[in-house]
Amino acid sequence: MSVVKINAITVPKERQERFEERFRGRAGAVESTPGFEWFELLRPQEGTDQYLVYTRWENEAAYEAWQSGQDFGRAHSGGGDTLAPAAANSAHLWSYEVIESAGPKVAQDRQN
């Protein structure tokens, strides 16, 4: 059963552009990780300065293998001094198990 990890990171307005820049320049190693299913970076629209980093994994073991690997360390070491203070002590990791999921129906199913 898939698991979802959501990293909620508070980023002050003056650091948001740099924060997003870091993700645009990420190595993309997670996409090649066994058990990885999905990644999204969600920008806050109103009422909060908290970004959400959403990843979905085949199972908890796949996530733990990524987290303990070298690629995780490389992916999370970037950003430099200008990014680190933006996210210091402001991140929370939420874990969920997927119990139901749906996507759009294919066009043929809609015609029937």
Side-chain angles (χ1 to χ4, degrees):
M1 185 167 304
S2 294
V3 296
V4 169
K5 302 295 181 174
I6 301 172
N7 202 349
I9 306 170
T10 301
V11 182
K13 196 108 181 125
E14 66 274 9
R15 307 265 183 174
Q16 290 180 353
E17 186 175 328
R18 175 67 181 109
F19 181 79
E20 291 178 21
E21 181 182 316
R22 175 183 173 199
F23 274 91
R24 280 192 297 276
R26 66 190 181 84
V30 70
E31 287 93 329
S32 301
T33 302
F36 170 80
E37 295 179 351
W38 201 259
F39 163 86
E40 290 180 315
L41 174 62
L42 307 177
R43 175 191 295 144
Q45 291 295 295
E46 56 186 52
T48 185
D49 55 359
Q50 197 168 60
Y51 281 76
L52 300 179
V53 181
Y54 173 100
T55 57
R56 182 173 168 147
W57 301 86
E58 184 177 288
N59 52 45
E60 187 69 26
Y63 171 76
E64 289 174 4
W66 157 251
Q67 188 180 36
S68 65
Q70 290 179 346
D71 286 338
F72 178 89
R74 279 193 292 272
H76 291 82
S77 65
D81 294 338
T82 60
L83 177 63
N89 300 318
S90 64
H92 305 281
L93 181 64
W94 301 329
S95 299
Y96 294 88
E97 184 175 56
V98 177
I99 59 170
E100 188 173 338
S101 184
K105 292 184 177 185
V106 295
Q108 185 177 9
D109 288 344
R110 291 181 184 161
Q111 293 174 1
N112 296 331

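Positions are given from 1, in the same order as the sequence printed here. Below, all heavy atoms of this structure are taken into account, side chains as well, without hydrogens, waters or symmetry copies. Note that the coordinates shown come from a computational prediction; the quantities given were computed from them, not determined experimentally.
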Who passes salt bridge (Lys or Arg N to Asp or Glu O under 4.0 Å) against Glu21, sequence neighbours left out?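 Only Arg18 meet the salt bridge (Lys or Arg N to Asp or Glu O under 4.0 Å) criterion with Glu21.
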Same cluster or not: Trp38 versus Leu41, using hydrophobic residues (I, L, V, M, F, W, Y) connected whenever any side-chain heavy atoms lie under 4.5 Å apart?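 Different clusters.
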In terms of hydrophobic clustering (I, L, V, M, F, W, Y; side-chain heavy atoms under 4.5 Å; direct or indirect links), are Trp94 and Tyr51 co-clustered? no
For residues Ser101 and Val98, report the shortest heavy-atom separation together with the two atoms involved.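 What the structure gives for the nearest pair is CB-CG1, 4.1 Å.
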Give the minimum heavy-atom separation between Ala62 and Gly35, together with the two atoms involved. CB-CA, 3.7 Å
Ser32: partners by side-chain hydrogen bond (donor to acceptor under 3.5 Å, both in side chains), with sequence neighbours left out: none
Quick one: which residue pairs count as a salt bridge (Lys or Arg N to Asp or Glu O under 4.0 Å) with a foot in residues 37-50, not counting sequence neighbours?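 Found Glu20-Arg43, Glu37-Arg56.
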What salt bridge (Lys or Arg N to Asp or Glu O under 4.0 Å) pairs are there with at least one residue in residues 2-14, not counting sequence neighbours?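 For residues 2-14, and leaving out neighbouring residues, the salt bridge (Lys or Arg N to Asp or Glu O under 4.0 Å) pairs sorted by first residue read Lys5-Glu60.
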Rounded to the nearest 0.5 Å, what separates atom CG in Asn59 from atom CD in Glu64? 9.0 Å
Ile9 vs Phe19 side-chain heavy atoms within contact, under 4.5 Å: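 The answer is yes, as the side chains (C-beta and beyond) meet within the 4.5 Å cut-off.
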Exam field: side chain Gln16 to backbone Val11, donor-acceptor pair closer than 3.5 Å: yes
In this structure, which one of Ile6, Leu52, Val53 forms a side chain to side chain contact (heavy atoms under 4.5 Å, CB included) with Leu42?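 Result: among Ile6, Leu52, Val53, Leu52 is the only option passing the side chain to side chain contact (heavy atoms under 4.5 Å, CB included) with Leu42.
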With under 30° as parallel and over 60° as perpendicular, where do the rings of Trp57 and Tyr63 fit, or are they tilted in between? perpendicular
Check ring pair (Phe, Tyr, Trp, His ring centres under 6.0 Å) between Tyr54 and all other residues, then give those that pass, not counting sequence neighbours.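 With sequence neighbours excluded, Tyr54 shows a ring pair (Phe, Tyr, Trp, His ring centres under 6.0 Å) to no residue whatsoever.
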